[in-house]
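Have a look at the structure below, then the notes.
Just follow the structure's listing: the first ligand is 1, and inside any ligand the first atom is 1.
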Amino acid sequence: MLSSDVIIIGGGIAGLATAYELLRLGATVTLLERNCCGKEASWAGAGILSPLLPWDYSDPVTQLTQLSNGLFPQFIETLRKETGIDPEYQASGMLVLTGPSARQGAEPREKIEDGLDRVAEAWCAHHMFPFKRVRSREIAPVLARDEAALWLPEVCQVRNPRLLRSLIKAVKRSGGAIVENAEVSSWKIERGQVQSISTSRGEEYTAASYIATAGAWSRQLLGEHALKLDIRPVQGQILLFKAQPGLLQVIVLQEQDNFYLIPRRDGHILAGSTLEETGFENRTTAQARTALLSRAHALVPALSEEILAGQWGGLRPASPDNIPIIDRHPEIPNLYLNSGHYRYGVTMAPASARLISNMILDKPQPLDTTPYRWPA
Ligand SMILES: Cc1cc2nc3c(=O)[nH]c(=O)nc-3n(C[C@H](O)[C@H](O)[C@H](O)COP(=O)(O)OP(=O)(O)OC[C@H]3O[C@@H](n4cnc5c(N)ncnc54)[C@H](O)[C@@H]3O)c2cc1C
């Protein structure tokens, strides 16, 4: 039987960031992944490091994302130095389009614009988040329409596949054991504690603590031990364009439908994303392709079928109000969960990893963890 201080189950961003943090704090870690690490939601995500309209979310979401925002620069810098892989973390800023075309058929424009601006402005002032009212083309001249917009210059982004590759390398370099093709299929629970877990290949692993980070599959993984955990898969699809580098330089978000464009340094532009209840089905569809293509083209006419370079989907671990569960099991004290980050699992990764690691190692917390409790 293989043994370590902590076993982490699931090798997406939640599991890898947690492994990295625990190793930094001196624990021995084994991470078990059903397939290959970093190939599910974490790979598929868009990499915006902020809630889309941050003022629409509750305090627990804001607190966690702001803690992460503070941790990200150091997190990325250390990863880059240790692994030589650049996750392309950058403050590209986010332009939120609030103009008339974003809200056709809705209430009179001035009224809503003013309302949204006031809410956004108050939120930004309260959280010391830089913000400016602009015309969209001042910031992104390539846009088809010049309309009222909000400019959030400090919103950052990363390239998910690069971030994941660097995390995998960093975990291994720090002495973490990553075991792929190891699906955890059963729990041995005796005397109120997890004694060991087994994989579908029949191997048995034991540790002092166990953390479930299985994303959309967390309920399945935990089975009867999930209690009232409410995490379900919600599919998101994205289109990829290959444009000229520099065509678009900022993230553009349409306020009405949360449709966004994200430019990468090499000219790739992501357009997304859908929100679909497909169960565990993760197929891309022609319907999503048509809808995303027409929205992208309406915003930036150069984004056409000719430069379409890809389409993919991912299953987000959806939780009520987008509040993840970062907690110890209410009845099994050596079982933990770090999951349910829904639309913002990359944004919340460093902060969630910090909270769950502190909890296991009995260290003081940087914020009140009550909102992230496991529902019993
Ligand atoms: C289209 C799309 C766009 C998104 N955009 C953003 C964004 O811009 N910003 C942002 O912050 N977030 C975004 N997200 C959300 C973010 O990607 C997710 O919240 C995050 O990736 C969840 O990470 P995770 O590690 O919990 O899950 P996953 O990455 O899905 O990882 C879970 C892992 O657990 C493994 N697993 C499952 N069951 C078992 C088992 N029994 N045994 C072993 N391993 C198991 C799986 O194989 C998988 O590798 C987006 C998501 C999608 C789909």
Requested in this report: Using a strict 4.0 Å threshold on nitrogen-to-oxygen distance, state whether Glu138 and Arg133 make a salt bridge.
Outcome: no

Query raised in the report: Quick one: do Arg265 and Asp86 make a salt bridge, cutoff under 4.0 Å?
Result: yes

Query raised in the report: Out of curiosity, does Val29 fall in the hydrophobic cluster containing Leu361 (side-chain heavy atoms, cut-off under 4.5 Å, transitive links)?
Result: yes

Are there any protein N or O atoms under 3.5 Å from the N or O atoms of ligand 1? List them with distances, or say none.
unit_1: ligand 1; atom_1: 5 (N); unit_2: Ala46; atom_2: N; d: 3.0
unit_1: ligand 1; atom_1: 8 (O); unit_2: Gly47; atom_2: N; d: 3.2
unit_1: ligand 1; atom_1: 8 (O); unit_2: Ile48; atom_2: N; d: 2.9
unit_1: ligand 1; atom_1: 9 (N); unit_2: Ile48; atom_2: O; d: 2.8
unit_1: ligand 1; atom_1: 11 (O); unit_2: Val346; atom_2: N; d: 3.1
unit_1: ligand 1; atom_1: 11 (O); unit_2: Thr347; atom_2: N; d: 2.8
unit_1: ligand 1; atom_1: 11 (O); unit_2: Thr347; atom_2: OG1; d: 2.7
unit_1: ligand 1; atom_1: 12 (N); unit_2: Arg343; atom_2: O; d: 2.8
unit_1: ligand 1; atom_1: 14 (N); unit_2: Arg343; atom_2: O; d: 3.4
unit_1: ligand 1; atom_1: 17 (O); unit_2: Ala41; atom_2: O; d: 3.2
unit_1: ligand 1; atom_1: 19 (O); unit_2: Tyr342; atom_2: O; d: 2.8
unit_1: ligand 1; atom_1: 19 (O); unit_2: Gly345; atom_2: N; d: 3.0
unit_1: ligand 1; atom_1: 21 (O); unit_2: Ser42; atom_2: N; d: 3.1
unit_1: ligand 1; atom_1: 21 (O); unit_2: Ser42; atom_2: OG; d: 2.9
unit_1: ligand 1; atom_1: 23 (O); unit_2: Ser42; atom_2: OG; d: 3.2
unit_1: ligand 1; atom_1: 25 (O); unit_2: Ile13; atom_2: N; d: 3.2
unit_1: ligand 1; atom_1: 25 (O); unit_2: Ala14; atom_2: N; d: 3.1
unit_1: ligand 1; atom_1: 29 (O); unit_2: Ser42; atom_2: N; d: 2.9
unit_1: ligand 1; atom_1: 29 (O); unit_2: Ser42; atom_2: OG; d: 2.5
unit_1: ligand 1; atom_1: 30 (O); unit_2: Ala41; atom_2: N; d: 3.3
unit_1: ligand 1; atom_1: 41 (N); unit_2: Val184; atom_2: O; d: 3.2
unit_1: ligand 1; atom_1: 42 (N); unit_2: Val184; atom_2: N; d: 3.0
unit_1: ligand 1; atom_1: 44 (N); unit_2: Arg34; atom_2: N; d: 3.0
unit_1: ligand 1; atom_1: 47 (O); unit_2: Glu33; atom_2: OE2; d: 2.7
unit_1: ligand 1; atom_1: 47 (O); unit_2: Arg34; atom_2: NE; d: 3.3
unit_1: ligand 1; atom_1: 47 (O); unit_2: Arg34; atom_2: NH2; d: 3.1
unit_1: ligand 1; atom_1: 49 (O); unit_2: Glu33; atom_2: OE1; d: 2.7
unit_1: ligand 1; atom_1: 49 (O); unit_2: Glu33; atom_2: OE2; d: 3.2

Requested in this report: Find out whether the Lys NZ or Arg CZ of Arg34 is both under 6.0 angstrom from the six-membered ring centre of Trp217 and within 45° of the ring's axis.
Outcome: yes

In a table with atom names and distances, give each donor-acceptor pair under 3.5 Å that connects a side chain of residues 39-48 to protein atoms at least two apart or in another chain.
unit_1: Ser42; atom_1: OG; unit_2: Ile13; atom_2: N; d: 2.8

Requested in this report: Please check if the side chain of Glu180 supplies one atom and the backbone of Leu32 the other of a donor-acceptor pair under 3.5 Å.
Outcome: no

